[in-house]
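Within every chain, numbering begins at 1; the chains are lettered A, B, ... in the order of the sequence lines, protein sequences first and strands thereafter.
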Amino acid sequence: MYRSHNCGELRMEHVGQVITLAGWVAKRRDFGAMTFVDLRDRYGITQLSFNEAYNQDLLNMARGLGREFVIQITGTVTERSNKNPKIPTGDVEIIVESMNILNTSLTPPFTIEEETDGGDDIRMQYRYLDLRRDNVRQNLILRHQVAKHVRQYLDHLNFIEVETPVLIKSTPEGARDFVVPSRMNPGQFYALPQSPQTFKQLLMVSGFDRYYQIVKCFRDEDLRADRQPEFTQIDCEMSFVEQEDILNLYEGMIQHLFKEVKGVDIGTLPRMTFDEAMANYGNDKPDIRFEMTFKYLTDLVKGKGFPVFDAAECVLAICADNCASYTRKQLDELTEWVKRPQIGAKGLVYVFCNADGTYKSSVDKFYSQEDLKAWAEKCGAKAGDLLLLLSGNTAQVRKQMSELRLEMGQRLGYRDKSVFKALWVIDFPLLEQDEESGRWHAMHHPFTSPKPEDMDKLETDPGAIRANAYDMVINGVEVGGGSIRIHDKVLQGKMFKVLGFSEDEARYQFGFLMNAFEYGAPPHGGIAFGFDRLCSLFGGADGIRDFIAFPKNNQGRDMMIDAPSNLDQKQLDELSIGLKS
RNA sequence: GGUGUGGUAGUUCAGCUGGUUAGAAUACUGCCCUGUCACGGCAGGGGUCGCGGGUUCGAAUCCCGUCCACACCGCCA
């Protein structure tokens with residue numbers, strides 16, 4: 001036994017006990033005749049005390065300890081004369097009676113403290129040291145808690161966790177696949193799953209009724225702060241259920257998680273149709289921690305001689321509370337912000353709702369006080385508010401205004417990370433049209449069932465068909481999405497046809513699923529949650545990297561092990577692979 | 001594929017209207033210090049200013065190219 005206790009558990013009640021601890025030297029405070037050492041392990045920090053009055057040899061040894069040396073000590077728990085209220089073990093210290101240096105350490109390249117001096121680059125390169133930091137470790141503990149409570153909730157509801165294969169078949173739909181060459185089948189490749197979608201549907205055909213899996217998924221697309229090439233999903237599927245059953249069950253799951261992990265009651269999740277979300281928030285994952293919803297001024301602004309608005313398909317406004325005090329400089333800066341290429345607005349029109357009831361706008365040349373008053377009323381603006389208007393093509397202006405709304409929400413402090421607002425977005429369109437090719441593709445995936453009442457539009461107006469598809473959105477983050485699936489072979493065939501698959505292509509790629517559907521496929525549906533995102537949301541972070549033990553960087557590289565890497569010629573030959581020079 | 005920001009000591013950064021020997025903080029090393037917990041004091045070592053080219057009497061600083069990191073857009077069924 002290397003230790004009798006850990007570095008986070010000793011308290012006043014242990015005073016007098018002789019204990020043994022093992023851990024890392026976090027810090028040494030040397031006073032010559034006495035030295036304090038902060039000993040760290042996973043559980044906390046305990047102060048060790050060395051004093052020439054007790055033992056000169058041990059003191060000398062302690063003064064030679066470097067940061068991150070691994071030591072084992074035995075000593076007596078003693079009440080401190082000067083207590084430290086900042087740490088849980090701050091009432092006691094250990095008068096060390098023997099010490100064993102288990103290992104030395106090089107000086108770490110950055111400080112291993114909550115507020116480290118290390119940047120992302122160096123932290124990732126030495127991730128094993130970064131993980132010694134309390135806050136990163138807490139993130140992984142949080143991740144464990146979330147996983148544990150997911151399993152707990154689903155286990156109690158008769159779900160079975162089934163593993164599905166990682167070496168599967170590439171499909172051209174959706175994201176790019178990571179591929180793995182097959183040595184035994186020269187010239188052929190496995191693909192890593194983007195999700196276990198088809199397998200979980202096959203499990204439903206097999207009668208597994210209620211399935212889940214906390215599972216790695218792989219997508220070979222560009223990374224973001226909240227996107228990694230390998231990420232984890234809570235993947236779920238159920239048989240003999242309707243959309244309503246699924247929404248209720250997983251609403252229960254998210255409530256359970258918030259209660260158990262955060263001690264928060266998030267209440268009932270409101271439901272919003274996709275159309276409502278787009279109209280009021282310009283976004284299919286609205287952040288409903290604050291209002292500032294879109295107001296349509298198109299009819300009010302036309303015909304007054306302002307050419308920009310007269311030519312616009314859509315004129316949108318949002319009302320920023322108490323922002324009439326904005327300076328010209330601030331508005332100019334905001335105008336530049338919406339004109340950035342990433343947003344792409346042509347300009348920004350603003351209206352001050354002054355305290356005295358008058359209005360001052362950037363388009364006073366064209367609009368009277370009465371006009372501006374009508375706008376303000378339409379927007380529900382009060383004195384002291386600021387209206388921000390954008391105009392243009394409906395889809396574009398909604399997107400731009402959505403960005404502006406989120407930015408203003410951020411600036412006004414409405415996007416508080418300790419507040420959680422969840423909702424369901426439902427009735428997604430089944431299909432989306434590719435702007436360039438004009439081809440239809442599935443908005444969710446090709447196995448999503450259309451709403452029965454929209455089925456007749458399959459040939460006439462595919463874009464208007466709504467799907468039995470739903471997303472769970474929390475604080476503007478899409479944390480999960482799913483659908484009721486097609487379980488009928490004929491309908492699935494029709495879908496493939498609409499999506500531009502020939503019969504041969506459909507059979508080649510999804511024949512196994514079509515075949516399975518010939519043998520009594522039950523009605524089924526499911527959902528998948530982005531586990532990493534859920535954890536980062538719980539942790540109040542924007543990115544998911546610090547909730548993953550060993551993440552990849554922006555270029556998809558693992559900076560610690562330096563992957564990906566080259567293969568030598570022998571390996572390539574064995575795989576029958578030739579590289580382009 | 002695109003846009004932006006950055007790359008200077010182990011680390012985080014300042015310096016950038018060109019001009020002696022490139023600074024600070026922190027970390028590190030040594031000495032002093034008996035109650036610290038962001039200990040304190042004194043001293044010290046530490047630099048290919050990402051890399052390549054150009055302009056110039058002179059470049060960390062200006063220009064071009066390139067690599068790397070981060071954020072975003074496209075992309076992510």
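- A:K216 forms no cation-pi arrangement with A:F531, by the criterion of a distance under 6.0 Å to the ring centre and an angle within 45° of the ring axis.
- Proximity note for A:N84 (side chain, C-beta onward) versus B:U34, B:U3, B:C37: the nearest is B:C37.
- With hydrogens and angles disregarded, a donor-acceptor distance shorter than 3.5 Å links the side chain of A:T116 to the backbone of A:T111.
- By the 30° and 60° cut-offs, the orientation of the rings of A:W424 relative to A:Y470 is perpendicular.
- Counting non-hydrogen atoms under 4.0 angstrom, A:N553 reaches the backbone sugars and phosphates but no base.
- Taking atom C1' on both nucleotides, B:G52 is separated from B:G7 by 16 Å, rounded to a whole Å.
- Checking B:G18 for Watson-Crick or G-U wobble geometry (two distances, each under 3.5 Å) identifies no partner in any strand.
- Backbone-only engagement by A:R67 is indicated by non-hydrogen atom pairs under 4.0 Å involving sugar-phosphate atoms exclusively.
- The residue A:R63 sits close to a base: some heavy atom pair falls under 4.0 Å.
- In this structure a side-chain-to-backbone donor-acceptor pair under 3.5 Å is present from A:E9 to A:N6.
- Between B:G35 and B:G41, the distance separating the two P atoms is 16 Å to the nearest Å.
- Annotation: B:A38 and B:G4 have their P atoms spaced 44 Å apart (nearest Å).
- Nucleotide B:G4 holds its P atom 17 Å from the CG atom of A:N554, rounded to whole Å.
- B:A71 atom P lies 17 Å from atom CD1 of A:I343, rounded to whole Å.
- Stacking annotation: A:F31 is not stacked on the base of B:C33 (requires ring centroids less than 5.5 angstrom apart and an interplanar angle below 30 degrees).
- Remark: A:H444 pairs with no residue by the ring pair (Phe, Tyr, Trp, His ring centres under 6.0 Å) rule, at least two apart or across chains.
- Straight-line distance between the P atoms of B:A69 and B:C57: roughly 38 Å, to the nearest whole Å.
- Separating the P atom of B:U12 from that of B:G50 is a span of 14 Å, rounded to the nearest Å.
- Summarising the base pairing, B:U26 is matched to B:G10 through a Watson-Crick or G-U wobble pair whose two defining distances lie under 3.5 Å.
- For A:D38, the side-chain atoms get nearest to B:C37 when compared with the rest of B:A69, B:C37, B:C76.
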**Request:** Decide yes or no on side-chain hydrogen bond (donor to acceptor under 3.5 Å, both in side chains) for A:D177 and A:S170, but give the supporting numbers first.
**Result:** CA-CA 6 Å; A:D177 286 315; A:S170 183; 2.7 Å; yes

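- Base pairing of B:C76 is not made with any nucleotide, judged by Watson-Crick or G-U wobble geometry with both donor-acceptor distances under 3.5 Å.
- Judged by Watson-Crick or G-U wobble contacts below 3.5 Å, the nucleotide B:U66 has B:G50 as its partner.
- Look at the P atom in both B:A71 and B:C32: the space between them is 48 Å, to the nearest Å.
- Checking B:C37, B:A77, B:A69 against the side-chain heavy atoms of A:Q555 singles out B:A69 as nearest.
- The side chain of A:Q197 lies closest to B:A77 when the candidates are B:U34, B:A77, B:U36.
- Of the possible donor and acceptor atoms, one in the side chain of A:R28 sits under 3.5 Å from a partner among the backbone N and O of A:L65.
- For the C1' atom pair drawn from B:U21 and B:U3, the interatomic distance equals 41 Å after rounding to whole Å.
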Tabulated below should be each protein N or O lying under 3.5 Å from an N or O of nucleotides 22-24 of chain B; please produce it.
none

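- Side-chain proximity of A:D117 to B:U36, B:C39, B:U11: nearest is B:U11.
- If you check every strand for non-hydrogen atoms under 4.0 Å, A:H444 touches a base.
- The backbone N or O of A:C7 sits less than 3.5 Å from a side-chain atom of A:T46, completing a donor-acceptor pair.
- The 5' end of RNA chain B is approached more closely, in terms of each residue's nearest nucleotide, by A:E52 than by the other of A:R176 and A:E52.
- Rounded to an integer number of Å, the gap from A:I45 CD1 to B:A38 P is 10 Å.
- Straight-line distance between the C1' atoms of B:G53 and B:A77: roughly 47 Å, to the nearest whole Å.
- Candidate nucleotides B:C70, B:G10, B:C75 were compared by shortest atom distance to the side chain of A:R224, and B:C75 ranks first.
- Comparing B:C72, B:C70, B:A77 by their closest approach to the side chain of A:Q342 singles out B:C72.
- Between A:E432 and A:G66, the residue anchored nearer the 5' end of RNA chain B, judged by the nucleotide with its closest heavy atom, is A:G66.
- Proximity note for A:N82 (side chain, C-beta onward) versus B:U34, B:A38, B:G35: the nearest is B:G35.
- Whole-Å rounding puts the A:D532 CG to B:C76 C1' distance at 14 Å.
- Looking at heavy-atom distances under 4.0 Å, A:Q194 makes no contact with the nucleic acid at all.
- Atom CG in A:D121 sits about 15 Å away from atom P in B:G10, given to the nearest Å.
- In this structure, CG of A:D220 is placed 13 Å from P of B:G1, rounded to the nearest angstrom.
- At a threshold of 4.0 angstrom between heavy atoms, the contacts of A:K399 are confined to the sugar-phosphate backbone, with no base atom among them.
- A donor-acceptor pair under 3.5 Å is absent between the side-chain atoms of A:R415 and the main chain of A:G409, judged by distance alone.
- Comparing B:C70, B:G35, B:A77 against the side chain of A:A442 picks out B:A77 as the nearest.
- Taking side-chain N and O atoms only, A:R29 has no distance below 4.0 Å to OP1 or OP2 of B:G40.
- Among B:G35, B:A77, B:U3, the nucleotide with an atom closest to any side-chain atom of A:M34 is B:G35.
- Here A:R219 reaches the OP1 or OP2 of B:A77: one of its side-chain N or O atoms lies under 4.0 Å away.
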